[in-house]
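In what follows, a structure is listed as structure tokens, so that the remarks can point back to it.
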Amino acid sequence: MKTRRVAVIGATGVAGQQFLASLSGHPVFEVVTLAASERSAGKRYRDAITDASGAFRWYCQEPLDPGFADIQVDDAARLDASRVDLIFTAVESNAAREIESRYAKTTPVVSTASAFRYEADVPIFIPGVNLAHDQLIAVQKKTRGWNGFVTPVPNCTTTGLAMTLKPIHDAFGIAQVIMTSMQGLSGAGRSPGVIARDIVDNVIPFVPKEEEKVEQEARKILGTIVGDAIVPATFPVSATCTRVPVLEGHTEAVFVSTQKQAGVDEVKEVLRSYGKDFVALGLHSCPPRLIDVTDDPFRPQPRLDRDREGGMLTSVGRVRADHALHNGIKYVLVSHNTKMGAAKGAILVAEYLTKKGYIGA
């Protein structure tokens with residue numbers, strides 16, 4: 001596969017840095033442009049993330065690729081998107097609304113922002129889950145008069161939930177879903193993030209706007225294409241989202257009422273076997289399996305399981321019958337919120353869209 005020239009927008013922020021960490025040495029995507037706000041424009045990247053005291057504000061575990069360090073940062077507001085084959089955006093939703101629509105006039109945009117997630121002609125992609133929604137790309141381009149398109153990934157809390165619901169929905173149908181999340185601190189970012197004195201020895205029982213995003217996005221992702229639009233899945237989703245003193249990784253307790261009766265062993269099997277066709281595509285960022293199911297009652301745990309398969313595996317455990325719900329099944333999952341749930345998941349989506357000919361054909 002030929003190399004595609006890539007720009008990362010919001011490159012100086014935490015989410016943008018996660019893109020750079022995952023794109024270092026990538027065999028298909030060559031990072032040629034970094035862009036951020038006007039205050040960083042014109043600086044070398046290494047200087048743009050070094051503050052006045054000399055502190056080097058690179059927040060990823062992986063080292064900064066020296067090849068990125070000397071790239072001059074562009075002003076995102078003035079970027080000529082036609083210079084590249086693909087744009088990854090990692091900016092706040094308000095900024096994304098304006099710049100992504102401008103970039104998409106000429107160039108495909110894969111985004112971690114929520115700005116376009118709820119538009120009727122915009123798919124919300126999760127690798128291996130709803131890629132048939134790529135039919136909407138042609139609709140979006142025609143409707144909006146764009147040569148490119150915008151495809152966001154979901155909220156990071158939605159990712160693990162929808163990943164595990166998809167095989168259950170396909171095999172047994174879903175009547176309703178109840179989920180409680182225990183979310184890692186990295187999901188709140190660093191500015192303002194979560195104040196240390198608030199989270200130590202504590203659980204924050206409310207994450208603003210998170211529950212509404214999860215409930216709406218999960219149903220759209222698991223919906224079906226009818227004509228030129230997605231008809232959301234009909235089952236209700238009820239979410240309670242909390243923040244816990246864990247650095248990275250979202251843990252979720254999930255309760256599912258299925259339409260057809262499903263035994264525990266049957267559910268484990270459909271989860272374990274899910275996604276084989278997608279894995280067989282051999283995409284660079286794809287794990288050897290999408291979902292792992294353990295019989296160890298003390299797993300999954302974020303510290304032990306979030307980084308498995310490079311943070312791209314959804315780990316499931318404690319699969320049990322639930323007697324409070326009709327045809328009830330319950331389980332616990334761990335998903336890496338800043339890898340599969342954000343930049344690295346977006347890169348995997350872009351790899352798939354490139355293979356299908358949507359990017360840089």
Side-chain angles (χ1 to χ4, degrees), residues 1-11 15-16 18-36 45 65 67-68 71-74 76 78-91 96 99-113 115-116 119 121-153 277-286 312 339-340 342-361:
M1 191 178 293
K2 72 176 184 179
T3 300
R4 270 66 172 184
R5 293 165 56 85
V6 169
V8 176
I9 313 302
Q18 292 157 1
F19 271 109
L20 295 185
S22 297
L23 287 167
S24 178
H26 197 283
V28 176
F29 299 140
E30 178 190 4
V31 177
V32 297
T33 299
L34 303 178
Y45 184 74
D65 186 325
F68 301 154
I71 294 178
Q72 180 173 299
V73 178
D74 288 343
R78 300 175 180 274
L79 180 71
D80 178 4
S82 66
R83 292 164 28 196
V84 295
D85 301 305
L86 169 65
I87 293 177
F88 290 114
T89 57
V91 297
I99 63 173
E100 289 178 356
S101 58
R102 182 158 49 80
Y103 297 158
K105 290 178 181 178
T106 61
T107 308
V109 177
V110 179
S111 172
T112 60
F116 284 92
E119 300 286 326
D121 58 353
V122 176
I124 308 172
F125 283 131
I126 295 179
V129 172
N130 63 328
L131 296 173
H133 290 184
D134 65 353
Q135 299 172 53
L136 282 184
I137 291 175
V139 175
Q140 184 186 133
K141 293 170 76 168
K142 180 180 179 180
T143 302
R144 298 174 185 260
W146 293 345
N147 289 321
F149 53 84
V150 175
T151 55
V153 295
D277 290 345
F278 182 75
V279 170
L281 296 175
L283 301 174
H284 175 72
S285 301
C286 187
M312 298 296 281
K339 293 186 178 177
M340 177 59 98
K344 205 169 180 180
I347 292 167
L348 180 52
V349 167
E351 290 168 3
Y352 174 79
L353 294 176
T354 299
K355 189 176 184 70
K356 292 282 286 185
Y358 289 107
I359 296 172

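Because the structure is predicted, anything quoted here is derived from the model rather than measured.
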Contact between Leu86 and Val110 at the side-chain level, heavy atoms closer than 4.5 Å - yes or no? yes
Which atom names give the shortest non-hydrogen contact between Val84 and Thr33, and what distance separates them? CG1-OG1, 4.0 Å
Would you check if Phe29 and Arg5 make a side-chain contact, meaning some heavy-atom pair closer than 4.5 Å? no
Once you round to the nearest 0.5 Å, how far does CD1 of Ile347 lie from CG of Leu283? 12.5 Å
Which atom pair, heavy atoms only, marks the closest approach of Thr3 to Asp85? O-OD2, 4.4 Å
Between atom CG of Leu23 and atom NZ of Lys344, what is the distance when rounded to the nearest 0.5 Å? 10.5 Å
Contact check, side chains of Leu353 and Thr151, non-hydrogen atoms, under 4.5 Å: yes
Hey, what do you get for CG (Leu136) to CG (Asp121), rounding to the nearest 0.5 Å? 7.0 Å
Side chain to side chain contact (heavy atoms under 4.5 Å, CB included) between Glu30 and Val6, worked out: CA-CA 6 Å; Glu30 178 190 4; Val6 169; over 6 Å; no
Can a salt bridge be assigned to the pair Arg83 and Asp74 using a cut-off of 4.0 Å between side-chain N and carboxylate O? yes
Closest approach of Thr112 and Ala342, non-hydrogen atoms and distance? CG2-C, 4.1 Å
Do Ser285 and His26 have side chains that approach each other closer than 4.5 Å (heavy atoms only, starting at C-beta)? yes
Locate the shortest heavy-atom distance separating Leu348 from Pro127; write the atom from each residue and the value. CD2-CB, 3.4 Å
Quick one: does Lys2's side chain have a donor or acceptor within less than 3.5 Å of a partner on Gly360's backbone? yes
If we ignore hydrogens and angles and just use 3.5 Å, is the side chain of Glu100 paired with the main-chain N or O of Val150 as donor and acceptor? no
Search all heavy atoms of Pro152 against all heavy atoms of Phe116 and return the closest pair with its distance. CG-C, 4.3 Å
Heavy-atom check, side chain of Leu34 versus side chain of Leu20, under 4.5 Å: yes
State, with a plain yes or no, whether a side-chain heavy atom of Asp134 is found less than 4.5 Å away from one of Phe149. no
Any chance you could measure Asn147, atom CG, to Lys141, atom NZ, to the nearest 0.5 Å? 6.5 Å
For residues Glu351 and Val28, determine if any side-chain heavy atom of one lies less than 4.5 Å from a side-chain heavy atom of the other. no
Flag the pair Glu119 and Arg144 as a salt bridge only when some basic side-chain nitrogen lies within less than 4.0 angstrom of an acidic carboxylate oxygen. yes
So, for Ala113 and Ala96, which heavy atoms are closest and what is the spacing to 0.1 Å? CB-CB, 3.6 Å
Could you tell me if the side chain of Val153 sits less than 4.5 Å from the side chain of Ile126, heavy atoms only? no
Phe88 ring center near Phe19 ring center (under 6.0 Å): yes
Could you tell me the separation between the OG atom of Ser111 and the OH atom of Tyr103, rounded to the nearest 0.5 Å? 11.0 Å
Please verify the inter-ring angle class for Phe278 with Tyr352; under 30° counts as parallel, over 60° as perpendicular, anything in between as tilted. tilted
One should read off an interatomic distance between Thr89 OG1 and Ile9 CD1, to the nearest 0.5 angstrom, of 7.5 Å
